[in-house]
Each structure stands twice: as structure tokens, then as C-alpha cells.
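For clarity, every value in this text was computed on a predicted model and none was experimentally measured. Proteins come first, then strands; the chains are lettered A, B, ... in the order of their sequence lines, and each starts at number 1. All heavy atoms count here, side chains included; hydrogens, waters and symmetry mates do not.
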Amino acid sequence: MENESEVTISHLSGFIKLDEERREVIKEVEDLKCQQNRANAEISAAKKTGADVKAKLEEMKAISEKVKVLDSKQSEIEKKIEEVVLYLPNICHETTPVGASGDDNVEIRRWGTPAKFSFEPLSHADIGVKLDILDFDRAAKITGARFTVLKGDAARLERALISFMIDVHTGENGYHEVLPPYAVNRDSMRGTGQLPKFEEDLFKVTPSGYYLIPTAEVPVTNLHRDEMLNFEALPVKYVSFTPCFRAEAGSYGKDMKGLIRQHQFHKVELVKFTAPETSYEEHEKLVADAEKILQKLKLPYRVMALSTGDIGFSAAKCYDLEVWLPSQNTYREISSCSNFEDFQSRRAQIRFKRNPKAKPELAHTINGSGLAIGRTLIAIMENYQNEDGSVTVPEVLIPYMGGITKIGAFKGYSPQGQQQQAQAKETNAKAMTNK
RNA sequence: GGAGAGAUGGCUGAGUGGCCGAAAGCGCUCGACUCGAAAUCGAGUUUCCUGACACAAUCGGGAACCUGAGUUCAAAUCUCAGUCUCUCCGCCA
């Protein structure tokens with residue numbers, strides 16, 4: 001944190017100097033261009049009368065040279081300014097708690113009570129392997145670490161969650177569904193703030209140079225990049241299901257087991273474009289919309305306000321929803337809901353006019369997970385697990401699961417009997433501890 | 001993958017070196033007419049940067065006709081490169 005703020009301060013002092021330089025150059029070059037424009041009128045008038053313009057042309061040639069030099073000087077300065085500006089984080093809202101790290105996040109509220117188990121609850125990874133519905137080994141074989149194959153009822157539950165969440169947000173919460181491309185260009189990544197600073201977190205696709213989206217926020221927010229929104233239409237509300245791809249650079253060793261931290265996961269995302277005066281109200285509503293999913297699934301959670309030390313680069317204010325995970329005996333992030341104010345809008349030029357004659361204003365953008373699918377799957381597996389190793393299907397999902405009420409073992413082909421292997425491993429482990 | 005056509009304001013679309021921020025039409029805003037509306041008539045209608053000003057209003061200057069570079073005293077217009085769109089052929093979920 002300290003290093004980061006030092007960098008920022010040195011950036012800022014340089015920025016002021018650059019800004020002054022830029023204005024000076026502009027004044028100089030525009031005076032010359034003004035002369036050029038006047039001369040243009042003279043020359044074209046003189047040509048009609050047949051007057052001699054040789055001397056004038058010579059004079060203008062010299063000015064033209066000067067203009068060229070100054071023009072390139074100006075664009076050089078502007079490039080430097082852009083570099084500084086693009087690396088500056090957003091300014092936090094006054095209600096964002098001040099702190100140094102995630103330890104300073106403030107709990108806002110809790111919902112639900114964690115269930116007490118009459119047995120030792122397993123982790124979702126253990127449950128998944130036992131039922132042979134989460135296949136980590138084969139995912140590692142076909143791709144690598146941090147990928148997972150979902151099988152049988154896990155795959156179906158994943159699908160059920162996607163449909164369920166979208167249905168709630170479109171049907172009850174008034175969002176409009178969009179399904180965007182999963183790869184975007186550089187301009188889009190810059191618009192929402194992933195680039196240029198977080199290049200190493202992204203998967204880049206060759207040869208196009210496109211980037212795989214780390215969240216639907218990127219394509220959906222950029223839907224209205226360089227656009228003038230209709231004031232009457234605000235707030236514009238979208239819900240979007242997409243896969244998300246994250247390189248997870250610098251997170252080696254963290255959450256290696258299970259589905260918590262993956263290179264590829266699914267997410268249903270909520271995105272809003274609002275007028276500045278209503279953005280905080282709309283932010284609260286968006287959080288409530290995301291919470292509703294957890295409530296319908298009857299999963300205990302808490303709402304955390306992220307401190308200035310933990311909040312993301314682009315956000316002014318951010319709430320995390322954290323769901324209860326029995327195996328970890330703690331709450332883990334399942335949704336992140338941020339108000340970016342005009343940070344993204346400024347980069348992406350997302351504007352609106354209050355009336356046809358009014359000046360354009362920057363919109364505010366807000367988004368949040370509603371929810372991360374993989375982590376919801378985890379929470380269901382862990383919170384709804386039974387002693388016999390099965391998992392009860394939450395009531396609201398039963399229609400989406402073809403009427404089944406319990407998730408059981410994968411009944412498909414499994415040549416090496418992963419389930420048996422897992423059991424063998426477990427008995428061995430027990431035998432070892434008994435000795 | 002091969003061949004061709006194109007990219008101009010909110011939209012349609014003219015413009016092939018200066019008099020073009022850009023014709024015309026549509027749309028939109030305001031006004032007249034009308035009891036009201038339609039029709040008609042009149043006026044207006046892009047954005048960004050910069051300067052003057054305490055701010056706003058306003059006024060001055062500059063820039064922008066897909067993007068970038070070049071030719072030229074001067075580029076929407078000419079040259080080169082790129083991006084995107086469309087049509088035809090091939091291939092394909």
C-alpha cells in the first residue's frame with residue numbers, strides 16, 4: 001500500500017507539470033493554425049483574381065513546418081498524460097471505510113444462521129470427489145491446474161443455478177438479459193479499467209490479440225462505450241451470464257483445493273448505468289438483488305463493506321457478499337458489488353443528456369455478481385450435505401433439476417473408478433491415523 | 001481462404017484539393033396558424049480541447065467526415081497501412 005501511494009504522489013506532481021506544458025504548446029500551435037486558416041482564405045481569394053501568392057506560400061511553408069513540430073510535441077505530452085491518468089485508481093466514496101487491508105473491512109449485516117451438523121461436514125471438494133461429480137484429476141490432465149470437470153448432477157446443478165438466477169433477475173428484479181462475446185478488444189478492457197494495469201491477470205488470445213473476459217462487466221459495460229444514453233431510460237439494467245477467465249497470476253498456493261479459485265468459472269453479472277444522483281441508491285438496490293438469490297437458496301451470508309485497503313482499482317465503494325462455508329468454518333466471498341461512479345464512464349465515454357439541449361454528463365456505472373455460479377455450487381454442496389454423502393437440492397432449484405431432490409453419485413462411465421480410489425485413499429488415511 | 005464494394009452529423013444521403021462543420025431530406029426543439037391536433041410556414045438543432053470571466057451565460061481560437069501515417073501553403077476529397085461493414089464464391093458448428 002505504501003509503495004503504491006508513493007508512486008501515485010510522484011505521478012501527480014509530474015502530471016501537473018505536463019498539464020502546464022500541454023496548455024503552453026496548445027496556445028502556441030493554435031495561434032499558428034489560426035494564421036494558416038486566415039492565409040488559406042487569402043490564397044484562395046488571390047487565385048481567383050490571379051494575384052501573385054509566391055511570397056505568401058513561402059511564409060506559410062515555414063509556419064507549416066513549425067506546426068508539424070508542435071503537433072507532435074503536443075501528442076507526445078498527451079501520451080505521457082494518458083499514461084499517468086490510466087494508472088490512477090478511483091477515489092473512494094466517503095462512506096468507504098478507511099483501512100490498510102481486508103482486515104479493516106466492516107461487516108454491515110448478516111442473514112441466516114449457519115446449520116449445526118451432527119457429523120463432521122466435508123469440504124465440497126471431498127464431497128465432489130466421493131460422488132465423482134467434481135473431477136479435478138482429469139481436468140488437470142486435459143488442461144491443467146485450476147480447472148475442473150463437472151459431471152452428472154454437479155453439471156446439472158451448475159446449469160440450474162444459471163437459469164434460476166437469470167430468471168429471478170429478469171422476472172422479479174427488472175434486469176434485461178444480454179449474452180455478450182467472451183473475448184473483447186483492448187479498448188473494452190481499458191474502458192472498464194482492467195488495462196493497462198492488470199494485463200498479467202488476463203488471458204490473451206492469439207492471433208487476434210483479443211482478451212478473454214474476466215467478468216461480464218467488461219463486455220456489458222462496454223455495450224454503451226462512446227454512446228449518449230437517453231436520460232429517461234436511466235437506470236439501464238442488464239443481467240448477463242458468461243464464463244469468466246482469470247489468469248490468477250500471483251495467487252500461487254492460495255485455495256488450491258476445490259472450486260474456489262479457478263481459471264475458468266461461470267458468473268451471472270448485474271450491470272447498471274445510472275444518473276450520478278441516484279447511483280448510491282441503485283448500488284444498494286443491486287446489492288439487495290444479489291442477496292435475494294442467497295435468501296431464496298437459504299444460504300447464510302454476511303455483507304461486508306470493503307475498506308480503502310482492500311477495494312479494487314476502479315471502485316469508489318464496494319460490498320462483498322460472503323457465504324457461509326461449513327468446512328472452512330467461515331464466510332467466503334461469493335459476490336462483489338461496486339459503484340464505480342464515473343471512473344469507467346470517463347474512460348469509456350458513457351454519457352447522457354438530461355434534455356436534447358443539455359450538456360453531456362458522465363453516467364455512473366455499477367455492477368455486481370448475482371452470483372458467482374461455482375461458489376454458489378460450493379455453498380450448496382457444503383451447506384446442504386447429508387451424513388450419507390448425498391446433497392439435498394434447495395427447494396427453489398428442484399424445478400430446474402428435473403424434479404430430483406437429492407444429488408447423488410455420478411452414474412456415468414468412470415474407467416479408473418475415481419470414487420473407489422477416493423474411498424481407498426480415505427481408508428488408508430484412517431488406517432494411518434489409527435496407528 | 002478467394003473476389004469485389006463501402007465507412008460522412010440522431011438517421012438517409014450529397015460532396016473528388018481551398019469559398020465544406022459539411023447540401024438536401026427525415027427526425028427533434030421552439031414559434032406562428034388552430035378550440036386543439038394534423039397539414040403548412042418560420043427559426044433553431046454535433047462533440048471535444050483551449051482562452052477571456054469568480055461561476056454560469058456568452059464570446060474568441062483550434063480540432064474532428066472509420067483509425068494511423070504521408071503528400072501539399074491547404075485534405076472529407078490524393079497516397080500508403082490498418083480496422084470494421086456489406087455482397088459473391090469456398091469451407092464449417
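- Between A/Ile350 and A/Thr221 the shortest side-chain heavy-atom distance falls below 4.5 Å.
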Would A/Tyr182 and A/Phe245 satisfy ring-ring contact (aromatic ring centres under 6.0 Å, His included), going step by step from the backbone distance to the final call?
-> CA-CA 9 Å; A/Tyr182 303 151; A/Phe245 301 93; 7.3 Å; no
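- At whole-Å resolution of the value, CG in A/Asp187 and P in B/rC84 are 12 Å apart.
- The same atom, P, is picked in B/rU47 and in B/rA38; the two are 27 Å apart, to the nearest Å.
- Distance check on atom P: B/rA23 versus B/rA32 gives 28 Å, rounded to whole Å.
- On the P atoms, B/rG70 is 33 Å away from B/rG60, given to the nearest whole Å.
- Contacts between residues 27-46 of chain A and RNA chain B, counted as heavy-atom distances below 4.0 Å, involve A/Glu30, A/Lys33, A/Cys34, A/Asn37, A/Asn40, A/Ile43, A/Ser44.
- Atom CD1 of A/Ile81 and atom P of B/rC49 are 13 Å apart (whole Å).
- Taking 4.0 Å as the cut-off between side-chain N and carboxylate O, A/Asp71 and A/Lys33 count as a salt-bridged pair.
- A donor-acceptor contact closer than 3.5 angstrom links the side chains of A/Gln262 and A/Thr148.
- When the P atom of B/rG10 is taken as reference, atom CZ of A/Phe352 falls 18 Å away, rounded to whole Å.
- Within the structure, every side-chain polar atom (N or O) of A/Ser64 is placed at least 4.0 Å from both OP1 and OP2 of B/rU72.
- Between the A/Asn90 side chain and the A/Ser314 main chain, a donor and an acceptor come within less than 3.5 Å of each other.
- A/Glu382 and A/Ser327 share a side-chain donor-acceptor pair at under 3.5 Å.
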Hey, what are the protein-to-nucleotides 91-93 of chain B N/O distances that come in under 3.5 Å?
none

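- Among the protein residues, A/Lys68 comes within range of the sugar-phosphate backbone only, with heavy atoms under 4.0 Å from sugar or phosphate atoms but none that close to a base.
- In summary, A/Lys73 and A/Glu76 do not engage in a salt bridge, as defined by a charged side-chain N under 4.0 Å from a carboxylate O.
- Taking atom P in both B/rU85 and B/rU8, one finds a spacing of 14 Å when rounded to whole Å.
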Salt bridge (Lys or Arg N to Asp or Glu O under 4.0 Å) between A/Asp153 and A/Lys406, intermediate numbers included = CA-CA 9 Å; A/Asp153 290 344; A/Lys406 268 192 185 176; over 6 Å; no
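- Applying the ring-ring contact (aromatic ring centres under 6.0 Å, His included) test to residues at least two apart or on different chains, the pairs with a partner in residues 141-162 of chain A are A/Phe147-A/His263.
- Among the heavy atoms of the strands, none lies under 4.0 Å from A/Lys56.
- As rounded to whole Å, 11 Å separates atom P of B/rC49 from atom CZ of A/Arg346.
- In this structure, the side chains of A/Met189 and A/Leu202 come closer than 4.5 Å at one or more pairs of heavy atoms.
- Between the P atom of B/rG68 and the NZ atom of A/Lys79 lies a distance of 11 Å, rounded to the nearest Å.
- When the C1' atom is used for both B/rG17 and B/rC73, the distance is 12 Å, rounded to whole Å.
- Ring-plane geometry between A/Phe231 and A/Phe352 is classed as parallel, the angle between the planes falling under 30 degrees on a 0 to 90 degree scale with a further cut at 60.
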Nucleotide-level pairing of RNA chain B, given in dot-bracket where Watson-Crick and G-U pairs need both distances under 3.5 Å and | marks other strands | ((((((((.[[[..)..(.....]]]((((((.......))))))(((((((.....))))))).[[[[[..)....]]]]])))))))....
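- Across B/rA75 and B/rA22, the matching C1' atoms stand 14 Å from one another, rounded to whole Å.
- Between A/Ser279 and the choices A/His364, A/Lys317, A/Glu284, the side chain to side chain donor-acceptor pair (under 3.5 Å) rule is met once, by A/His364.
- Rounded to whole angstrom, the span from the NZ atom of A/Lys54 across to the P atom of B/rU72 amounts to 17 Å.
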Should A/Tyr211 and A/Glu199 be marked as a side chain to side chain donor-acceptor pair (under 3.5 Å) after you check the CA-CA gap, both sets of side-chain angles, and the distance that decides it?
-> CA-CA 9 Å; A/Tyr211 296 87; A/Glu199 179 117 33; 2.6 Å; yes
Is there any protein nitrogen or oxygen under 3.5 Å from a nitrogen or oxygen in nucleotides 44-48 of chain B, and what are the pairs?
{"residue": "B/rU47", "atom": "OP1", "partner": "A/Lys353", "partner atom": "NZ", "Å": "2.5"}
{"residue": "B/rU47", "atom": "O3'", "partner": "A/Arg351", "partner atom": "NH1", "Å": "3.3"}
{"residue": "B/rC48", "atom": "OP1", "partner": "A/Arg351", "partner atom": "NH1", "Å": "3.0"}

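- A salt bridge links A/Arg23 to A/Asp19: at least one charged side-chain nitrogen sits closer than 4.0 Å to a carboxylate oxygen.
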Below 3.5 Å between N/O atoms, which protein atoms pair up with nucleotides 52-55 of chain B? Just atom names and distances, please.
none

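- For the pair A/Arg346 and A/Glu341, the salt-bridge criterion is not met [side-chain N within less than 4.0 Å of a carboxylate O].
- If you measure from atom CG of A/Asp19 to atom C1' of B/rG51, you get 14 Å, rounded to the nearest angstrom.
- The gap from the P atom of B/rG21 to that of B/rA81 amounts to 29 Å, rounded to the nearest Å.
- Comparing the same atom, C1', in B/rA52 and in B/rA57 gives a spacing of 14 Å after rounding to whole Å.
- For A/Arg261 and A/Glu248, the salt-bridge test passes: some basic side-chain N is under 4.0 Å from an acidic carboxylate O.
- A/Thr274 has its side chain out of reach of A/Glu281: every pair of non-hydrogen atoms, C-beta onward, lies at least 4.5 Å apart.
- Following rounding to the nearest Å, A/Ile63 (CD1) and B/rG62 (P) show an atom-to-atom distance of 13 Å.
- In this model, the phosphate group of B/rU50 is approached by a side-chain N or O of A/Arg22 to a distance below 4.0 Å at OP1 or OP2.
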Could you go step by step and tell me if A/Leu259 and A/Met381 meet the side chain to side chain contact (heavy atoms under 4.5 Å, CB included) rule?
-> CA-CA 11 Å; A/Leu259 280 178; A/Met381 287 176 73; 5.6 Å; no
